[in-house]
Amino acid sequence: MNASPSPSVPAAGSAGTDVLRTLLERPIPAVMGVLNVTPDSFSDGGEFIAPEQALARARAMIEAGVDIIDIGAESTRPYKGAQPVTAADELARLKPVLAELVALGVPVSIDSMKAEVVAFALDQGAAIANDVWGLQRDAGMAPLVAAKGVPVIVMHNRDSVDAAIDIIADMKAFFQRSLEIAAKAGVARDKIVLDPGIGFGKTAEQSMTALARLREFDMFGLPILVGASRKRFIASVSPSEPKDRLAGSIAAHLIAAQRGAKIIRTHDVAETLQALRVAHAIESKQ
């Protein structure tokens, strides 16, 4: 398999280009790189909040072969401790960097649960909306996505962890509600990606169960994105700090790819892409 970086895909506004379809046609999962312009993200909070640092990080990910850059300006860390911010706060963090980020030529997704922030980002050329509350937190999100005609990532989430529930049943019900909201708003079904929300509103055991049973979400007939990068469930198996969880992240992502994930969201682009390419090369010899 060719080991050179994947060619960049034009942004959503480019004539004749369907960003999501182009990415999903790849023989291995598309790789989405995490870019947090926040002071308090669980793994890299504060490292890329300055525009020049964020752009340098983006260029490094592009050099490594990233397919999508997912920028977020509010920490949505998947456990307690994140500080909610206003839309004005998010916009203040995004405005100095977003246009230059889009100009780098790789599709950009905007990681926000606020329709106002997503609208700004899409107007600046972002190609994908990434909603960690699956269209269920801001009533304006689904109509916005429908009007813009862009792909949307619908993530499962919960306000609290409950170890006693059947997490797979909960996720299926959540996704069904999200899809009903999307359909009512006029969001095209072929623009939707489902994300199991590894670590969000889940125990470590529930996160691992979601990964192990990922194929059960094939019932929706939609592509799946998995973001297990540096998540705490890894430390429940092998005690470690977030930046020491590369091997565990890759293990989880390879399993997700084997179970049909079409997009992998990661902090570690080069290493993840290498692992996916090698796994694909080996599997193709069967």
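The structure displayed is predicted, hence computed values, not measured ones.
The closest donor-acceptor contact from the side chain of Lys202 to the backbone of Pro196 lies under 3.5 Å. Within the 3.5 Å criterion, the main-chain N or O of Ile153 finds no donor-acceptor partner in the side chain of Asp195. Under the 3.5 Å distance criterion, the side-chain polar atoms of Arg259 are matched with a main-chain donor or acceptor of Ala212. Side-chain atoms of Lys184 do not come within 3.5 Å of backbone N or O of Ala182 as any donor-acceptor pair.
In this structure, CG on Asn130 lies 9.5 Å from OG on Ser112, to the nearest 0.5 angstrom. The distance from the CZ atom of Arg189 to the CG atom of Leu222 is 4.5 Å, given to the nearest 0.5 Å. With rounding to the nearest 0.5 angstrom, the CG atom of Leu211 is 12.5 Å from the CD atom of Gln206. Put simply, CD1 on Ile198 and CG on Leu214 are 7.5 Å apart, with the number rounded to the nearest 0.5 Å. A distance of 3.5 Å separates CD in Glu74 from NZ in Lys114, rounded to the nearest 0.5 Å. To the nearest 0.5 angstrom, Glu271 atom CD is 5.0 Å from Leu246 atom CG.
The ring pair (Phe, Tyr, Trp, His ring centres under 6.0 Å) analysis of residues 89-108, with sequence neighbours excluded, yields no pairs. Applying the ring pair (Phe, Tyr, Trp, His ring centres under 6.0 Å) test to pairs two or more places apart or on separate chains, those with a residue in residues 144-171 are His156-Phe174.
Linking ILVMFWY side-chain heavy atoms closer than 4.5 Å, directly or via other members, places Met208 and Val161 in two distinct hydrophobic clusters. At a threshold of 4.5 Å between side-chain heavy atoms, the hydrophobic network of Ile, Leu, Val, Met, Phe, Trp and Tyr places Ile168 and Ile255 in two separate groups. Clustering ILVMFWY residues whenever any of their side-chain heavy atoms sit less than 4.5 angstrom apart, transitively, puts Ile250 in a cluster other than the one holding Ile282. Under the 4.5 Å side-chain contact rule for hydrophobic residues, Val278 and Val66 do not share a cluster.
With sequence neighbours left out, the salt bridge (Lys or Arg N to Asp or Glu O under 4.0 Å) criterion links Asp111 to Arg265. For Phe233, there are no ring pair (Phe, Tyr, Trp, His ring centres under 6.0 Å) partners two or more places apart in sequence or in a different chain. For Leu24, the side-chain contact (heavy atoms from CB on, under 4.5 Å) criterion is met by Leu20, Pro223, Lys262, Ile263, not counting sequence neighbours. Residues passing the side-chain hydrogen bond (donor to acceptor under 3.5 Å, both in side chains) test with Asp123 are Lys148, sequence neighbours excluded. Remark: Arg215 pairs with Asp218 by the salt bridge (Lys or Arg N to Asp or Glu O under 4.0 Å) rule, at least two apart or across chains. Every residue was checked against the salt bridge (Lys or Arg N to Asp or Glu O under 4.0 Å) condition with Arg177, not counting sequence neighbours, and none meets it. With sequence neighbours excluded, the residues satisfying salt bridge (Lys or Arg N to Asp or Glu O under 4.0 Å) with Arg137 are Asp159. Not counting sequence neighbours, the partners of Thr266 by the side-chain contact (heavy atoms from CB on, under 4.5 Å) test are Val31, Ser229, His253, Asp268, Val269, Thr272. For Glu52, the side-chain contact (heavy atoms from CB on, under 4.5 Å) test picks out Ala50, with sequence neighbours left out. Taking Ala119 as the reference, Leu144 meet the side-chain contact (heavy atoms from CB on, under 4.5 Å) condition, with sequence neighbours excluded.
Looking at heavy atoms from C-beta onward, Glu283 lies in side-chain contact with Gln258 at the 4.5 angstrom threshold. With a 4.5 Å cut-off on side-chain heavy atoms, Met32 and Ser109 count as touching. Between His267 and Asn36 the shortest side-chain heavy-atom distance falls below 4.5 Å. For the pair Phe120 and Leu98, the minimum side-chain heavy-atom distance is below 4.5 Å. Taking the side chain as every heavy atom from C-beta outward, Leu35 and Leu101 approach each other to under 4.5 Å. Under the 4.5 Å side-chain criterion, counting only non-hydrogen atoms from C-beta, Asp18 is in contact with Lys191. Residues Val193 and Ile128 are not in side-chain contact: their nearest non-hydrogen atoms beyond the backbone lie 4.5 Å or more apart. Inter-residue side-chain proximity for Asp162 and Asp170 is flagged as unmet; no heavy-atom pair is nearer than 4.5 Å.
The two atoms that bring Leu273 and Gly65 nearest to each other are CD2-O, 3.6 Å, heavy atoms only. Of all non-hydrogen atoms in Ile264 and Pro29, the two that sit nearest each other are CG1-CB, 3.9 Å. For the residue pair Val150 and Ala127, the shortest heavy atom distance occurs at CB-O, 3.6 Å. Closest of all the heavy-atom pairs between Phe200 and Met155 is CG-CE, 3.4 Å. Scanning all heavy atoms of the two residues, the minimum distance from Ala228 to Ser249 falls at O-OG, 4.1 Å. The heavy-atom pair separating Val85 from Ala73 by the smallest distance is CG2-O, 4.3 Å.
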Open item on the list: Is there a side chain to side chain contact (heavy atoms under 4.5 Å, CB included) between Met171 and Ile167? Walk through the geometry before answering.
Closed with: CA-CA 6 Å; Met171 294 167 72; Ile167 194 64; 4.0 Å; yes
TODO: Show your reasoning for whether side chain to side chain contact (heavy atoms under 4.5 Å, CB included) applies to Leu104 and Arg59.
DONE: CA-CA 8 Å; Leu104 295 177; Arg59 292 187 185 100; 4.0 Å; yes
Task: From CA spacing to verdict: side chain to side chain contact (heavy atoms under 4.5 Å, CB included), Val34, Asp70 - done: CA-CA 5 Å; Val34 178; Asp70 187 48; 5.6 Å; no
- [ ] Apply side chain to side chain contact (heavy atoms under 4.5 Å, CB included) to the pair Glu116 and Leu91, showing each step before the final yes or no.
- [x] CA-CA 9 Å; Glu116 179 182 350; Leu91 292 171; 3.7 Å; yes
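Side chains of Gln136 and Ser178: a donor on one and an acceptor on the other come within 3.5 Å.
Tested against Ser240 for a side chain to side chain contact (heavy atoms under 4.5 Å, CB included), the candidates Arg232, Arg245, Arg230 yield a single pass: Arg245.
Residue Glu216 qualifies as enclosed at atom CD: its count of foreign heavy atoms under 6.0 Å is above 12.
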